[in-house]
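For reference, the structure is listed below as structure tokens.
All values reported here derive from a predicted model rather than from experimental measurement. Lettering follows sequence order; numbering is per chain, from 1.
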Amino acid sequence: MQFGKGCHLHLIDGSAFIFRAYHALPPLTRKSDGLPIGAVSGFCNMLYKYVEANTGPDAPTHVAVIFDKGSHTFRNDLYDLYKANREAMPEDLRPQIPLTREATIAFNIACKELAGYEADDIIATLSVQARDAGGRVTIISSDKDLMQLVGDGVEMLDAMKNKRIDRDGVIEKFGVGPERVVDVQALAGDSVDNVPGAPGIGIKTAALLINEYGSLEELLDRAGEIKQPKRRQTLIEKRDQIELSKKLVQLDCNTPLDFTLDDLEVRDPDPETLLEFLSGMEFRTLTKRISDQLGVDAPAIKDTDPRGAEPEAADAPADLPFAPETYACIRDAQALEPWIARARERGYVAVDTETTGLDEMRVDLVGISLCIDSGKACYIPLGHKDGSDDLFGSDNLAEGQMPLEQALDMLRPLLADPSVMKIGQNMKYDAKIFARYGVTVTPYDDTMLMSYAMNAGLHGHGMDALAERYLSHAPIPIKSLLGSGKSAITFDRVPIDDAVKYAAEDADITLRLWELFKPQLHQTRVTTVYETLERPLSPVLARMEMHGIKVDRDTLSRMSNAFAQKMAGYESELFELAGHEFNVQSPAQVGAILFEEMGLDGGKKTKTGQWSTPADVLEDLATEHDFAARVLDYRQLQKLKSTYTDALQDHINPDTGRVHTSYVQTGANTGRLASTDPNLQNIPVRSEEGRRIREAFVAEEGKVLLSLDYSQIELRILAEMADIPALKQAFKDGLDIHAMTASEMFDVPLDQMTPDIRRRAKAINFGVIYGISGFGLARNLRIPRAEAQGFIDRYFERFPGIRSYMDATTQFAKDHGYVQTMFGRKIHTPEINAKGPGAGFAKRAAINAPIQGTAADVIRRAMIRMEDAIAGLPAKMLLQVHDELLFEVDADRADDVIARARDVMETAAAPALHLSVPLTVDAGQGQNWAEAH
DNA sequence: TGATTCACG
DNA sequence: GACGTACGTGAATCAG
């Protein structure tokens with residue numbers, strides 16, 4: 001067929017496929033000879049998926065996979081540093097490159113490359129040719145360098161996210177249309193490709209300039225008109241560099257190709273050729289899949305079926321497509337029996353539960369899914385309703401379900417069997433559900449925690465995100481079953497047939513992720529982190545959450561009423577001051593009154609154009625203006641009432657009379673926990689009025705609450721990590737660290753220390769932990785920025801090791817893309833090499849992460865050991881608040897618990913680490929949290 | 001839904 | 001002399 005109108009050309013960015021396949025999969029090797037084939041395997045799966053997905057009415061008529069050839073292109077002749085900062089290709093990837101060409105040919109897809117040109121140039125040339133011939137083009141790539149080609153029938157498709165990028169998508173990314181993308185790129189440069197651009201100008205600023213001047217040439221010609229001096233100077237002085245950058249990013253639409261569009265016509269693969277290649281690579285699953293599909297016999301592959309607890313490594317989990325219609329529905333004991341037997345035989349089983357909601361302490365179990373061999377999963381419906389009401393208005397159970405107790409009795413021994421590994425995604429949730437039904441789940445692996453140990457900072461760790469990223473599969477959205485908004489139903493109302501597909505798929509996905517992650521833990525050297533800091537903590541948290549803490553409803557209720565009364569008084573006072581009624585809770589309206597009606601200075605607008613009225617601004621105004629002071633008073637009470645005294649009451653569990661928070665183990669990238677529903681890690685303490693809310697957190701009759709918290713743990717860790725002798729000695733001597741810092745910095749003897757000087761030093765100490773800046777310290781201390789900068793300079797002069805630590809940490813982050821805690825936890829810093837304001841954020845985060853993260857690791861270790869340490873004592877660990885642990889204990893044994901808990905906490909770093917700085921723990925006890933703290 | 005504000009370490 | 005900044009969280013509320 002001659003390429004022309006009605007034709008549709010697909011251009012696949014082959015290099016992108018290869019690199020994605022390489023990084024998404026563990027380094028698999030061919031069993032027979034050890035040849036690395038992970039990337040080839042992934043590549044073939046992606047091609048297969050691509051072919052499968054493109055058979056419909058919108059199928060392409062022409063297709064080609066385009067590769068780069070060699071590393072030297074005409075761009076290197078223009079600029080010898082082009083792509084010079086690229087890391088060398090990994091050793092185990094190099095031999096796989098030619099195999100990806102062979103794979104493409106085996107699939108009978110045109111495979112094109114051209115010496116001296118990048119794949120992008122070929123794609124550009126073909127796109128233009130196809131467009132000129134009147135056809136459509138889809139470029140399968142997410143490379144932003146290709147966005148300049150979009151428009152007039154040319155689209156991009158991000159196969160990863162299954163997202164089409166059209167003209168609007170380009171504008172979203174670059175702030176300009178495709179025809180101006182190169183102008184923006186020329187200015188912004190590209191650190192990945194080492195395109196210099198204009199220093200100090202990023203995409204945002206570039207788009208602004210191009211939109212204002214219309215084009216790069218116009219901008220450069222009229223650069224003298226620019227107001228900002230630095231920017232003006234850059235554009236004038238760096239003109240050559242910017243023009244060079246444009247040449248580097250501009251794709252060549254006239255590459256000399258030795259083929260035509262007509263040569264790219266879609267062809268069916270030759271079964272023999274394709275299967276020969278796949279079986280030669282020893283891709284068993286994919287070979288079988290395709291041979292079944294084509295109805296031909298595949299060449300035999302040497303069988304070396306491995307047994308044991310380790311998952312099969314050679315079959316990439318992505319090999320197998322998801323087939324929801326094949327999942328089994330288990331309706332009786334006879335059907336369940338073989339699954340339990342198979343789990344015992346294998347030594348592992350993926351488990352997932354379905355429930356009527358998200359509050360593990362209240363919801364009902366609706367069903368259980370299992371998966372032992374990827375692709376084969378089952379769902380056991382147990383609590384589905386048939387939709388018909390009985391006399392009491394509650395539904396009857398649907399037909400065809402096992403009695404709940406029978407299923408649990410059968411599963412109970414398996415789930416508690418120490419020789420069978422249970423595998424879950426966020427298994428803490430499922431374990432808590434099971435626990436309420438008298439079923440213990442142990443031991444268990446958790447794919448969410450595995451992902452967190454390997455990839456904190458890179459992406460989220462929810463099932464949907466992991467499935468899409470690592471299995472290239474978008475799970476059935478729960479919304480498609482439950483609906484959303486107020487018409488949403490609970491899972492027990494979902495028809496069993498639909499539930500099977502959704503629920504079993506979750507177990508299938510979980511098992512596949514586990515098979516993928518298990519070997520990766522070793523390769524990424526985080527096995528110890530996972531095994532000592534993540535996996536053992538999960539059941540500890542589950543028990544703390546289930547235990548909960550008693551909260552006195554009457555205390556909260558009384559406070560609520562008192563707050564409401566006071567707020568009403570403030571409100572009428574505010575209306576009086578303003579001369580009219582308004583919504584005190586609206587920052588926009590408060591701002592309008594202050595900065596427009598009252599005409600005060602100092603108002604700033606947010607990026608949405610609204611007046612901004614944060615507390616520090618109002619505080620500055622409050623000394624002069626009652627209105628600002630009253631708004632602050634009102635806001636404080638509003639916060640206390642809505643978030644604490646009111647909302648907390650709703651969280652008191654009617655069965656236990658206690659509040660059960662949920663800790664999110666993967667919530668903070670640094671290794672800290674997050675607490676939700678409710679958040680018990682931000683109960684007020686700093687203000688006197690707020691602190692009284694802690695009086696509502698009480699011990700049971702005859703018991704007391706204990707609070708043990710690490711003293712200055714982050715500063716101690718900083719002293720240790722940065723190795724600052726003066727700080728370390730001060731901690732060893734038990735000195736007041738802020739006073740000592742102040743003394744060093746300001747040359748004031750300790751016995752002449754004033755509270756104000758100490759306060760400043762304290763602010764600096766904290767600032768250091770956060771990646772200090774003159775601006776931040778100035779704002780915190782409310783002093784001029786120059787003065788703040790002076791303090792910082794002085795601090796670094798006295799403690800030069802701190803600066804070296806900061807420099808070394810940021811450099812490490814730049815080199816490796818992550819930073820580490822002292823216990824080996826990795827926190828990825830993908831933004832560290834970004835340009836623009838993001839760079840500052842990333843740098844400070846990189847400085848803070850090892851410190852905050854090491855402290856988080858220490859208390860995790862303490863928590864993991866704590867249960868054994870206080871076993872036998874009438875005590876329970878209830879809450880963790882970053883550096884504090886809260887216990888409930890029989891009053892007469894409080895001192896024993898304090899002694900043991902303190903010892904565990906103070907020695908938590910050992911034996912993995914021998915800190916030269918002591919960790920010390922302060923303890924308190926009382927009838928309520930306010931007294932204990 | 002995103003922005004704003006504010007509670008904690 | 002331009003810009004925009006303390007690090008890490010979760011929840012309530014407004015506004016579109």
Out of [options], whichever nucleotide has its closest atom nearest the side chain of [X]:
X: A:Val685; options: C:dT5, C:dG8, B:dC8; answer: B:dC8
X: A:Phe841; options: C:dC14, C:dT5, B:dG9; answer: C:dT5
X: A:Asn679; options: C:dA11, B:dG9, C:dA2; answer: C:dA11
X: A:Ser642; options: C:dA12, C:dG10, B:dG9; answer: C:dA12
X: A:Ala845; options: C:dA11, C:dG8, B:dC8; answer: C:dG8
X: A:Ala668; options: C:dA11, B:dT5, C:dG8; answer: C:dG8
X: A:Tyr770; options: C:dC14, B:dA3, B:dG9; answer: B:dG9
X: A:Leu777; options: C:dA6, C:dG8, C:dC14; answer: C:dA6
X: A:Gln585; options: C:dT13, B:dG9, C:dA11; answer: C:dT13
X: A:Arg785; options: C:dT13, B:dC8, C:dG4; answer: C:dG4

Counting the atoms with a prime plus P, OP1 and OP2 as sugar-phosphate, which does [X] contact under 4.0 Å by heavy atoms, base, sugar-phosphate, or nothing?
X: A:Asp709; value: nothing
X: A:Ala788; value: nothing
X: A:Ile769; value: nothing
X: A:Glu714; value: nothing
X: A:Phe766; value: nothing

Rounded distance (Å) that lies between atom [atom2] of [N] and atom [atom1] of [X]:
X: A:Ile717; N: C:dC7; atom1: CD1; atom2: C1'; value: 14 Å
X: A:Asn848; N: C:dT9; atom1: CG; atom2: P; value: 10 Å
X: A:Leu886; N: B:dC8; atom1: CG; atom2: P; value: 16 Å
X: A:Gln681; N: C:dA11; atom1: CD; atom2: C1'; value: 13 Å
X: A:Asn765; N: B:dG9; atom1: CG; atom2: C1'; value: 16 Å
X: A:Gln228; N: C:dC3; atom1: CD; atom2: P; value: 7 Å

Does a side-chain N or O of [X] approach OP1 or OP2 of [N] to a distance below 4.0 Å, or not?
X: A:Thr643; N: B:dC6; value: no
X: A:Arg779; N: C:dA6; value: yes
X: A:Gln638; N: B:dC6; value: no
X: A:Arg686; N: B:dG9; value: yes
X: A:Thr608; N: C:dA15; value: no
X: A:Ser586; N: C:dA15; value: yes
X: A:Asn583; N: C:dC14; value: yes
X: A:Ser687; N: B:dA7; value: no
X: A:Gln233; N: C:dA2; value: no
X: A:Arg635; N: B:dC6; value: yes

(request) Just say parallel, tilted or perpendicular for the rings of A:His738 and A:Phe766, cut-offs at 30° and 60°. (result) tilted
(message) In terms of relative ring orientation, are A:His459 and A:His461 parallel, tilted or perpendicular, with 30° and 60° separating the classes?
(response) tilted
(request) Sort out the partner of C:dC3 for me: Watson-Crick or G-U wobble, both distances under 3.5 Å, none otherwise. (result)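 Its partner: none found.
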(message) Looking at A:Arg844 and C:dT5, is any side-chain donor or acceptor paired with a base atom of the opposite kind under 3.5 Å?
(response)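 Indeed, a donor on one side and an acceptor on the other fall under 3.5 Å apart.
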In whole angstrom, give me the gap between the [atom1] atoms of [N] and [M].
N: C:dA2; M: B:dT5; atom1: P; value: 26 Å
N: B:dA7; M: C:dC3; atom1: P; value: 30 Å
N: C:dG4; M: B:dA3; atom1: P; value: 15 Å

(request) Please confirm whether A:Lys826 makes a cation-pi placement over A:Tyr818, using NZ or CZ under 6.0 Å from the six-membered ring centre and within 45° of the ring normal. (result) yes
(message) Taking the cut-offs as 6.0 angstrom to the six-membered ring centre and 45 degrees off its axis, would you call A:Arg779 and A:Phe775 a cation-pi pair?
(response) no
(request) Report the residue (A:Lys230 or A:His651) whose heavy-atom-nearest nucleotide on DNA chain C is the more 5′ of the two. (result)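 Result of the comparison: A:Lys230.
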